[in-house]
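Please read the structure below before turning to the comments.
The analysis underlying the following values was restricted to heavy atoms, covering all of them including side chains, and did not include hydrogens, waters or symmetry mates.
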Amino acid sequence: MSSHSLDVGLAGFEQNVIEESRKRPVVVDFWAPWCGPCKSLKPILEKLAEEYGGKFLLAKVNSDENHELSTQFGVRGIPAVKAVVNGEIVDEFTGALPESAVREWLDRLIPSPAEELRVQAAAKVAAGDAAGALQILGEASKLDPQNEWVRLDAAEVLFELGQDAEAQRLLDSLKGEAAGHPRAAQLKAKLSLAAGAEAGVDESTLLARIAANGNDLDARLKLANFHAANGNYPQAFEQLLEIVQRDRAFEDDVGRKTMLNLFTLLGADPLVSEYRRKLAGALN
């Protein structure tokens with residue numbers, strides 16, 4: 001018997017399926033000897049279990065001999081295939097599928113080598129080793145050049161390393177699901193705010209300019225960007241709100257647009273609700 005597939009009954013189900021699923025995905029095939037579609041699907045699953053070389057375990061359950069398991073797993077028709085990960089059903093299908101469709105289903109279930117490298121890179125980031133994370137993500141990109149999540153991860157790391165132009169290039173290359181993810185929106189906001197910030201800005205000088213001329217919107221914008229770069233978001237919002245109230249047309253509505261970037265960056269922070277209301281009041 002193959003080490004990648006086995007017949008399972010109630011007696012060994014906990015160990016061979018539930019416990020094993022904490023180490024790797026387990027694909028449970030409910031079948032019966034009289035079932036015609038089962039006879040076509042079962043060899044496909046066995047073949048793929050061998051081909052994938054242990055990336056998943058195929059557990060074959062004779063539903064006629066294991067009514068309790070069939071009931072427990074909600075089997076209504078066979079063949080019924082359930083994917084179990086960490087003791088829970090995460091995906092399933094019923095009926096015989098062609099090999100290409102089964103392969104696609106398995107590929108969604110089983111992390112690719114690139115996905116495994118993403119996990120390693122995330123651990124490097126958490127440990128403060130951004131350069132090491134970027135190297136690992138480069139390896140992941142070579143394995144799977146079309147993986148947009150790898151590129152998004154790399155863009156975030158590049159931003160942390162101060163390589164904003166390269167981070168922006170990767171961010172602009174995203175076209176699929178990753179492009180619309182909140183992480184991408186937040187990184188876009190960070191890059192936009194970073195682009196507006198200037199090195200060597202002196203807060204006291206800007207405050208003096210504003211005290212001398214309340215309509216010095218250039219000074220207010222620089223001060224807002226200074227505060228945002230330093231995490232002083234209420235002060236940044238107040239300066240941006242002043243810009244909106246004094247001149248919506250200033251630098252193509254930069255006050256409102258920068259506030260929107262900050263809203264995206266801060267997400268569910270209570271400041272967002274507060275200043276959304278204030279911005280709405282200023283626009284009406």
Side-chain angles (χ1 to χ4, degrees), residues 111-203 206 220-240 243 251 254-276:
S112 71
E115 292 301 314
E116 294 172 2
L117 288 175
R118 285 185 66 211
V119 173
Q120 295 178 28
K124 289 283 188 182
V125 171
D129 185 5
L134 191 60
Q135 183 177 356
I136 292 173
L137 289 170
E139 296 171 10
S141 183
K142 290 177 183 177
L143 287 173
D144 189 357
Q146 303 306 314
N147 191 317
E148 294 203 331
W149 299 105
V150 171
R151 278 182 281 167
L152 178 54
D153 291 349
E156 291 176 327
V157 174
L158 285 164
F159 176 78
E160 293 302 320
L161 290 171
Q163 300 181 40
D164 293 8
E166 188 62 15
Q168 187 68 61
R169 185 190 68 79
L170 284 181
L171 191 62
D172 291 341
S173 75
L174 303 179
K175 304 297 181 185
E177 183 181 353
H181 195 273
R183 285 174 53 205
Q186 287 194 328
L187 180 57
K188 182 178 180 181
K190 288 179 181 179
L191 286 164
S192 179
L193 290 167
E198 295 183 15
V201 169
D202 181 69
E203 181 182 9
L206 294 175
R220 289 189 181 278
L221 179 60
K222 289 178 178 177
L223 186 58
N225 285 326
F226 172 82
H227 284 315
N230 288 281
N232 300 322
Y233 299 115
Q235 295 95 322
F237 277 129
E238 287 298 328
Q239 293 300 330
L240 294 168
I243 293 172
E251 290 196 12
V254 69
R256 181 184 65 86
K257 290 178 179 178
T258 306
M259 289 187 77
L260 295 179
N261 280 334
L262 283 175
F263 293 158
T264 300
L265 179 63
L266 295 177
D269 192 294
L271 279 173
V272 174
S273 298
E274 177 185 349
Y275 280 94
R276 278 193 186 279

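The two residues G267 and V272 come nearest to each other via the heavy atoms O-CG2, 3.4 Å. Nearest heavy atom pair, residue A155 against residue A167, reads O-CB, 3.3 Å. Nearest heavy atoms, A178 versus A184: O-CB, 3.4 Å. Nearest approach of V157 to A130, heavy atoms of both residues: CG1-O, 3.3 Å. Scanning all heavy atoms of the two residues, the minimum distance from A121 to A133 falls at O-CB, 3.4 Å. Of all heavy-atom pairs spanning A224 and A236, the tightest one is O-CB, 3.4 Å.
Here the CG-CZ distance, from L158 to R151, works out to 13.0 Å after rounding to the nearest 0.5 Å. Interatomic distance, CG of D202 versus NZ of K222, reported as 12.0 Å (0.5 Å rounding). In this structure, the separation between CG on D164 and OG on S192 is 11.0 Å, given to the nearest 0.5 Å. Distance NZ/K188 to CG/N261: 8.0 Å, rounded to 0.5 Å. The NZ atom of K190 sits 12.0 Å away from atom OG1 of T264, with the distance rounded to the nearest 0.5 Å. From L170, atom CG reaches atom CD of E156 across 11.0 Å, with rounding to the nearest 0.5 Å.
Applying the side-chain hydrogen bond (donor to acceptor under 3.5 Å, both in side chains) rule to pairs touching residues 228-237 yields nothing, sequence neighbours excluded. The side-chain hydrogen bond (donor to acceptor under 3.5 Å, both in side chains) analysis of residues 135-146, with sequence neighbours excluded, yields the pairs D144-N147.
Counting only heavy atoms from C-beta outward, the side chains of L221 and E251 approach each other to under 4.5 Å. Between T258 and N225, some side-chain heavy-atom pair lies under the 4.5 Å cut-off.
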Quiz item: Going through the distances and angles, do L262 and L240 end up as a side chain to side chain contact (heavy atoms under 4.5 Å, CB included)?
Solution: CA-CA 10 Å; L262 283 175; L240 294 168; 3.7 Å; yes

Exercise. Starting from the C-alpha separation in whole Å, work towards a yes-or-no answer on side chain to side chain donor-acceptor pair (under 3.5 Å) for D172 and Q168.
Key: CA-CA 6 Å; D172 291 341; Q168 187 68 61; 3.0 Å; yes

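Partners of Y275 according to the ring pair (Phe, Tyr, Trp, His ring centres under 6.0 Å) rule, which considers only residues two or more places apart in sequence or in another chain, are F237.
Side-chain atoms of Q239 do not come within 3.5 Å of backbone N or O of L223 as any donor-acceptor pair.
E177 CD: 12 or fewer foreign heavy atoms inside a 6.0 Å radius.
Classification of D153 and R183 as a salt-bridged pair holds, one side-chain N sitting under 4.0 Å from a carboxylate O.
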